**Q** 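The structure's right below; bear with me while I get my questions together.
None of the values given here were measured: they were computed from a predicted structure. Counting starts at 1 for both ligands and their atoms, following the listed order.
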Amino acid sequence: MSVLSIPAQQIVPFPLITSESKGNFVIDNNTKIVTSENLKKQANFLKGYLFKFYNLPLNIQIKKPIGNTNYISLQTSENVSVNGAYALDIMTEKIEITSSNDEGIFYGIQSLLQLIPVHKNNSLQIACKKIQDEPRFQYRGMHLDVARHFYDVAYVKKYIDLLAYHKFNKFHWHLTDDQGWRIEIKKYPLLTQIGSCRAQTLVGRFGSDVYDGKMHKGYYTQDQIREVVQYAADRFISVIPEIDIPGHSLAALASYPFLGCTKGPYKVRETWAVQPDVFCAGNDSTYTFIENVMNELITLFPSEYIHIGGDECPKERWKACPVCQNKMQSLSLKDEHALQSFFVQRVEKYLNSKGKKIIGWDEILEGGLAPNAAVMSWRGTKGGIAAARQKHEVIMTPEDPLYLNLSQSKNEDSVTQGGYNSLEKVYAFEAIPKELDSSDKKFVLGLQGEMWTEYISNPSKLEYMLFPRISAVAEAAWTNPVNKNFERFKNQLPELFKRYKLWQVNYSTAYFDLQSSVIPFDNQIAWKLETKHKSKIIYLKPDNPSKFYEYKNPVLIDLSGEWAAAVSDSSEKLKWIRKNFQLNKASGKKIILKNEPNQKYAGESGFTLIDGIQNTTGMLHGSQFLGFIGTDMEVTIDLEELIAIDSIKLHCFQQPPSWIYPPSLVEFSTSADSTSFSIMPQTHKSGTKHLVYKSVNHRIARYIKIKASNNGIISNGLPGAGGKAWLFADEIEIF
Ligand code: ACM
Ligand code: ZN
């Protein structure tokens, strides 16, 4: 029989101190779990895991076995330590897990379980060692959006197990949104009769306007909620429910139209993104409704925190609603942000009176923070920094990099939310911003990974998006920074993948995928390819799809059409990635941007506009578009010599529900000397979502200027009214 033993560094999140010693402990059918009555819950978890994954039926006993060998002991120690701290001592004759607190014992068990070989058929040998460990943060969270797609109780329990294996202690359950209300509220039965059902769901990317025609529904009964809360508590995970108010509430409005400003009719939303109908903030019956919902919620969730959302609440209905306007006047509120602040503070006051604290998304800072609220910083970390400076508790969950529903590969071929959060980036996240004074750092309680499910309709996709990034989030939350090391973590991946298989979870190997980027190359463009595999990379050019070239250095793109590349790993089928390059006179030339785009959609600055790649997917990847919020785009291209040109094109994109509007004006001009420019004839617009502005005129020029004016403040009646419009551009072509 082969014998396997795994070094301590297989534990994820990585522990604080490990010292190796000689010898092994072997777990077999006769191993006993020895514990005291008060640690039965932990003992049962250990027993359950070993039975489920190794078919080992260990006995639990309260007294030490005769002979004093072959047992795993769980015992409470006298030395008081931080919550979650534990010691794990693996000796040849026994294993001891000690902690001064209940969760510490549980985490000691999690570490032990990760030291057991994943291969069921081998002797389960564990190398002797001592581990002393403790969490860095007391808030280590993962979130799950069950509103966009419903996940049943059995799956939510599996999700909670996966969190427990990673020593997470908070599960943020996003239970309501525009697309579904998922929790039974006895006083308001229509919330689930109507609000939990959506007639159909968008197919493909947002803006596709294609629907599946199939009802999507589901909710948890209060008994099921209690069952999940207990299941999580048995794993030392506190469940924080989120009822998203005052925005993201269309499912509630569809159930009870009196809650909205316009009184409807409303229907549960069938597509994604922010929409304008929100709770009426002027009507007292809105607050009565919310208080009644909260009354039931707090009997179900023992968590000290209740999440009240507060994110992405458009103000256009409030601006037009006499009841909301009256409320503002009677309270002397200066604007709708102040009204939102009043709304949140009123709900906070109610929940505080019931002994609960609120958490809200960072928008709750706008118009004034509720006095005791904790802030979840999602639009970067700046909201978290501002809140900590105001001595409010903060949980860091910035979209970049902790939204795990964003792609983890630049070659992702399934539909995902736009944006790119690589494993490396997630791993490197540091929750305590350098900007904070040391006295304010303590307000950052920890961090949380997010899982929004617009484009994640099934467990397999969910796990593919989660793994291995969840393991990286766990290290960011638990591991002391001195022990964080991506080299080590990356080397653990093959072994981690085996453990994921043991857990029967799907995972992504994107980290090892071929990565491609387009780079400037001597005033032309080149294709750069990289892989973490040892194998070589091959590529194909558009003119001969059967001639393979071996990749050595970035390849000069000298032909328009589809190029392809793959890692030539003999053990696997070639996985081609393809890029369609469209060369023109602008490709790779010098380009100067007058204003830089917004950070979120910054691409490779001006180069993105002349990289030969036109966005055809409509996916809002920062690497494919430049996005300007409220500002104009103006660029100058230097063609390096006087040449004949016949036409100029600018490719833009519009998606009003995402506040992306077409430019109000596009103007091309040319110059021989970069000082006196002459305007090209009027541009013609074509396309519906992907807009192409074109001007045709023969002339000789060296410098080309392209101006696209931002649509400005969004007009009333349009999505995002009153806010600044986005302007998106992706490519310039010169012929
Ligand atoms: C959020 O992503 N709207 C919190
Ligand atoms: Zn109103």
Side-chain angles (χ1 to χ4, degrees), residues 141 143-145 147-148 172-179 206 240 242-250 252-253 256-264 266 269 272-287 289-290 307-331 333 336 339-340 342-344 346 359-366 374-381 383-384 394-406 417-419 421 447-456 600 620 657-659 720:
H143 151 282
L144 181 63
D145 165 16
R148 272 54 178 269
H172 171 177
W173 207 0
H174 184 78
L175 287 164
T176 70
D177 214 301
D178 295 325
Q179 294 81 5
F206 179 71
I240 299 172
E242 180 183 353
I243 301 292
D244 206 341
I245 52 173
H248 287 281
S249 49
L250 191 55
L253 270 50
Y256 295 97
F258 76 86
L259 295 167
C261 292
T262 66
K263 315 297 174 204
Y266 304 110
R269 189 162 166 85
W272 318 124
V274 175
Q275 59 76 39
D277 285 304
V278 304
F279 281 110
C280 177
N283 192 341
D284 281 338
S285 57
T286 298
Y287 300 96
F289 168 86
I290 290 170
H307 202 305
I308 53 84
D311 57 323
E312 300 179 314
C313 177
K315 308 292 187 289
E316 57 207 85
R317 293 288 185 262
W318 294 354
K319 283 187 180 149
C321 170
V323 186
C324 285
Q325 291 302 314
N326 265 346
K327 184 67 126 196
M328 283 169 60
Q329 223 167 25
S330 69
L331 297 168
L333 300 175
E336 286 73 17
L339 182 59
Q340 161 141 351
F342 163 79
F343 192 114
V344 171
R346 185 161 164 173
I359 303 181
W361 298 110
D362 58 49
E363 285 91 335
I364 67 167
L365 281 150
E366 295 160 7
V375 171
M376 219 169 237
S377 190
W378 73 279
R379 297 174 300 175
T381 53
V394 170
I395 295 120
M396 289 297 187
T397 178
E399 255 181 307
D400 176 358
L402 294 184
Y403 275 30
L404 305 187
N405 52 310
L406 273 53
Q417 195 79 39
N421 284 335
L447 60 92
Q448 180 172 288
E450 304 293 294
M451 188 47 78
W452 300 97
T453 58
E454 286 95 332
Y455 297 113
I456 302 174
K600 220 167 134 182
L620 301 183
S658 307
W659 311 355

**Q** For N283 and Y287: C-alpha separation, side-chain torsions, deciding distance, then whether side chain to side chain contact (heavy atoms under 4.5 Å, CB included) applies.
**A** CA-CA 7 Å; N283 192 341; Y287 300 96; over 6 Å; no

**Q** Using 30° and 60° as the class limits, which term best fits the ring planes of H143 and W452: parallel, tilted or perpendicular?
**A**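 Correct class here is tilted.
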
**Q** In plain terms, say whether K327 and D284 are close enough for a salt bridge, that is, a side-chain N and a carboxylate O under 4.0 Å apart.
**A** yes

**Q** Could you verify whether a donor N or O on one side chain and an acceptor N or O on the other, from Q325 and E336, lie under 3.5 Å apart?
**A**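 Yes, a side-chain donor-acceptor pair sits under 3.5 Å.
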
**Q** Going by an N to O cut-off under 4.0 Å, is there a salt bridge joining R379 and E366?
**A**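 Yes, charged N to carboxylate O under 4.0 Å.
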
**Q** Cut-off 3.5 Å, side chains only: do Q179 and W272 have a donor facing an acceptor?
**A** no

**Q** Counting only heavy atoms and a distance below 4.0 Å, can you name the residues contacting ligand 1?
**A** D311, E312, W361, W378, Y403, W452

**Q** Can you give me the SG-the Zn ion (ligand 2)-SG angle for C321 and C261, to 10°?
**A**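 About 110°, to the nearest ten degrees.
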
